[in-house]
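Because the structure is predicted, anything quoted here is derived from the model rather than measured. Values below: all heavy atoms of this structure, side chains included; hydrogens, waters and symmetry mates excluded. Positions are given from 1, in the same order as the sequence printed here.
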Amino acid sequence: MADSAANQSVSKRKRMKLSPDKDTAVGSTDRISNLPDSLLCHILCFLPTNEAILTSILSSRWKPLWTLVPKIDLNDTYIRGHSVSPLRILYSVLAQHTTPILSNFTLSWHSPCDSSHFDKWIDTAISRNLRQLDLHIESKQLFELPHAVFHCKTLVSLELSGEIELDPPPSFQLPSLKILGLYEICYTFHNSFSSLCSASACPSLEDLKVVRDDNYIVTNFKINVPTLKRLRIEVVSCFNELPDFKLEIYAPVLEYFNFFGDLRSIIFLEKLANLVEARINVSADNDWIRVFQLYYGDRVFKLLKALSNAKYLSIFPGDKECIGFGSIYPSMFQNLVRLNFKVTRTNWHVLQSLLVVAPNLEVLVIDKLCWMEPPDGPGCLSSHLTTFNFNGFEELEHEVKFIKYILKEARVLNRATIKVSDLHSKESVLKKLSIFPRQSSTCLLTVELGSIEESSLV
């Protein structure tokens, strides 16, 4: 009996330690609510505005906090279920939002409305020293970007997507703008894009992303931004008759360049002496390959020639394998230390040429080979190659021969990684490849499960 009572007493004390009393629980809640407004508002910044508003029902302490958050992030698709229309909700949010500085205004709008409402929303946001404006419009009607945007001195980031028409005024300047994103928008005139992407309009621009489709016909683009460091261009073709166009780029301090899609004529007006990384993912429709097969590949090689100072280079041909046409590389890639390449039936000679003109290559990553043969004779590999990755290995004869060639020729290779699908046995593949002689005595050969999608650079 005494032992039983003692055990019950111990159990009771354990329960008391593990279960806090009501006062302790309330104290924990109070510690959160008693945080300063600035910290609570910072926490609410990580929520969309409609979710931040919901915190106002927690207590009177939380009720006004969402109105002090220097950010409005609204998507009308998330507020359509209310009895009040999205239009009225947005006006109510703007009216109750009292912070004098609005750092971020993000609006995703899909509902029909008059363009005058669009102008009022943007004007209200800009009047509060706006730093970041992100507009995504999909309402089946075209909204012209208000001219007030082009005169906003505080704007640092501008992202425009969808049914937005860009018609810059004759004279304007965005002195603080560093990030600009233009995603499948409409340009009123042929020079609308060029007037925005210029040194006079954006003297501080560092990051530019452009996605162009074939809905709006603009044949000449110019980018004249001496401060530009990062440039991404994507050309989306929905039809087989995307017109030809020319893009001239003056960006002498460019460090990062990414091109994706249907390649046309791209000309760099100044040598890219500061280029660190370039990623090229080229595709072409059947009509372009058929009509321009004599020189389409030359466009690819001219682009790559302009990128010859890159330290990291990724090249991925599209499904139509358009990169296979044209001439061989006309210049040395003296700075190249990492190469990602996707080999197809028609571009094996491209990889061979790159291996010849990249004497300082340290890392070679190959994605799914359709057909290939080892280079003619030794000397094609860089004497600095330390890492080799092969993604999508299927134990085909030509793949085995190429890996055998790499292991035999790479003098200072430290690691060779072969990725196979789960249809293959890692152990059997490793056993098969391990019998090949290795030039480097320190080379570690490993076989892993993985796919091309997991390994490729995007």
Answer yes or no: is there a side-chain heavy-atom contact under 4.5 Å between Ile233 and Leu247?
yes
Any side-chain heavy atom of Leu145 sitting closer than 4.5 Å to one from Leu160?
yes
Give a yes or no answer on whether the side chain of Ser176 reaches the backbone of Val156 with a donor-acceptor pair at less than 3.5 Å.
no
Rounded distance (nearest 0.5 Å) linking atom CG of Leu107 with atom CG of Asn75:
8.0 Å
As a test of understanding, state which of Ile403, Thr417, Val365 forms a side-chain contact (heavy atoms from CB on, under 4.5 Å) with Phe388.
Ile403
Return yes if some donor-acceptor pair links the side-chain N/O of Ser308 with the main-chain N/O of Phe333 below 3.5 Å, else return no.
no
Working note: Thr106 + Asn104, criterion side-chain hydrogen bond (donor to acceptor under 3.5 Å, both in side chains); need CA distance, chi angles, decisive distance, verdict.
CA-CA 6 Å; Thr106 299; Asn104 185 342; 2.8 Å; yes
Could you list the residues that satisfy salt bridge (Lys or Arg N to Asp or Glu O under 4.0 Å) with Lys246, not counting sequence neighbours?
Glu248
Regarding Arg279 and Asn281, do their side chains bring together a donor and an acceptor under 3.5 Å, going by distance alone?
no
Hey, could you give me each pair passing side-chain hydrogen bond (donor to acceptor under 3.5 Å, both in side chains) that has a residue in residues 192-203? Not counting sequence neighbours.
Ser198-Ser200
For Glu234, the salt bridge (Lys or Arg N to Asp or Glu O under 4.0 Å) test, sequence neighbours excluded, returns Arg232
Between atom CH2 of Trp109 and atom CD of Glu163, what is the distance when rounded to the nearest 0.5 Å?
15.5 Å
Taking the side chain as every heavy atom from C-beta outward, state whether Leu180 and Leu174 have any pair of such atoms under 4.5 Å apart.
no
Please answer whether the main-chain N or O of Pro175 pairs with a side-chain N or O of Ser204 as donor and acceptor at a distance below 3.5 Å.
yes
Under the ring pair (Phe, Tyr, Trp, His ring centres under 6.0 Å) test, residues paired with His97 that sit two or more places apart
none
Does Asn309 reach the main-chain N or O of Leu272 with its side chain, forming a donor-acceptor pair under 3.5 Å?
yes
Please assess Val300 against Ile315 for the test side chain to side chain contact (heavy atoms under 4.5 Å, CB included), listing each intermediate value before the final yes or no.
CA-CA 10 Å; Val300 178; Ile315 307 176; 5.9 Å; no
Run the side-chain hydrogen bond (donor to acceptor under 3.5 Å, both in side chains) check on Asn340 and Arg338 step by step: do they pass?
CA-CA 7 Å; Asn340 285 58; Arg338 180 186 175 99; 3.0 Å; yes
Minimum-distance pair of heavy atoms, taken over all atoms of Ile280 and Leu304
CG1-CD2, 3.9 Å
Non-hydrogen side-chain atoms of Leu231 and Asn258 separated by less than 4.5 Å:
no
Parallel, tilted or perpendicular, as decided by the 30° and 60° cut-offs, for the rings of Phe390 and Phe402
tilted
Are Ser161 and His136 close enough that a side-chain donor and a side-chain acceptor fall under 3.5 Å?
yes
Please round to the nearest 0.5 Å and tell me the distance separating atom CG of Leu208 and atom CG of Leu182.
6.5 Å
Please find the pair of heavy atoms, one from Ser421 and one from Leu449, that lie closest to each other, and give the distance.
O-CD2, 3.5 Å
May I ask you to decide if the ring planes of Phe257 and Phe259 are parallel, tilted or perpendicular, using 30° and 60° as cut-offs?
parallel
Spacing of CD1 belonging to Ile164 relative to CD belonging to Glu138, to within rounding of 0.5 Å
9.0 Å
Phe436, CZ atom: more than 12 neighbouring heavy atoms under 6.0 Å:
yes
How long is the gap from CG on Leu254 to OG1 on Thr227, to the nearest 0.5 Å?
10.5 Å
Examine distances only and state if a side-chain atom of His190 and a backbone atom of Phe221 form a donor-acceptor pair shorter than 3.5 Å.
no
With sequence neighbours excluded, what pairs up with Glu159 under the side-chain contact (heavy atoms from CB on, under 4.5 Å) test?
Asp134, Ser157, Ile179, Tyr183
Applying side chain to side chain contact (heavy atoms under 4.5 Å, CB included), run through Phe118 and Leu135 and close with a yes or a no.
CA-CA 10 Å; Phe118 184 70; Leu135 302 174; 3.8 Å; yes
Using a 3.5 Å distance criterion without hydrogens, assess whether the side chain of Asn360 forms a donor-acceptor pair with backbone atoms of Gln334.
yes
Salt bridge (Lys or Arg N to Asp or Glu O under 4.0 Å) filter on Glu144, not counting sequence neighbours, yields none
Residues that Phe46 engages under side-chain contact (heavy atoms from CB on, under 4.5 Å), provided they are two or more places apart:
His42
For residues 431-442, which residue pairs pass the side-chain hydrogen bond (donor to acceptor under 3.5 Å, both in side chains) check, not counting sequence neighbours?
Asn414-Thr442, Ser440-Thr442
Distance under 6.0 Å and angle within 45° of ring axis: Arg230 vs Tyr256:
yes
Take Val447 and Val420 through the side chain to side chain contact (heavy atoms under 4.5 Å, CB included) test and state the conclusion after the steps.
CA-CA 7 Å; Val447 178; Val420 299; 4.1 Å; yes
Between His424 and Glu394, do the side chains contain an N or O donor and an N or O acceptor separated by less than 3.5 Å?
no
Residues at least two apart in sequence or cross-chain that pass side chain to side chain donor-acceptor pair (under 3.5 Å) with Gln141, listed by chain then number, are none
Can you tell me if Lys153 has over 12 outside heavy atoms packed within less than 6.0 Å of its NZ?
yes
Only counting residues at least two apart or in another chain, list the ones meeting side-chain contact (heavy atoms from CB on, under 4.5 Å) with Ser127.
none
Applying side-chain hydrogen bond (donor to acceptor under 3.5 Å, both in side chains) to Thr188 and Glu165, what does each step give before you reach the verdict?
CA-CA 6 Å; Thr188 306; Glu165 183 177 10; 2.8 Å; yes
Roughly how far apart are Leu351 CG and Phe341 CZ, rounded to 0.5 Å?
5.5 Å
Could you go through Ile101 and Thr154, starting from their C-alpha distance and side-chain angles, then the distance that decides it, and tell me whether this counts as side chain to side chain contact (heavy atoms under 4.5 Å, CB included)?
CA-CA 11 Å; Ile101 296 180; Thr154 59; over 6 Å; no
Sorted by chain and number, sequence neighbours left out, salt bridge (Lys or Arg N to Asp or Glu O under 4.0 Å) with Lys209 holds for Asp207
Sub-6.0 Å ring centroid separation between Tyr250 and Phe268
no
Is the shortest side-chain heavy-atom distance between Val343 and Asp367 below 4.5 Å?
no
Strictly by modelled atom types, are Glu362 and Thr386 linked by a side-chain donor-acceptor pair under 3.5 Å?
no
side-chain contact (heavy atoms from CB on, under 4.5 Å) involving Ala278 - partner list, sequence neighbours excluded
Leu275, Leu307, Ala310, Leu313
Any donor-acceptor pair under 3.5 Å linking the side chain of Asp76 with the backbone of Ser111?
yes
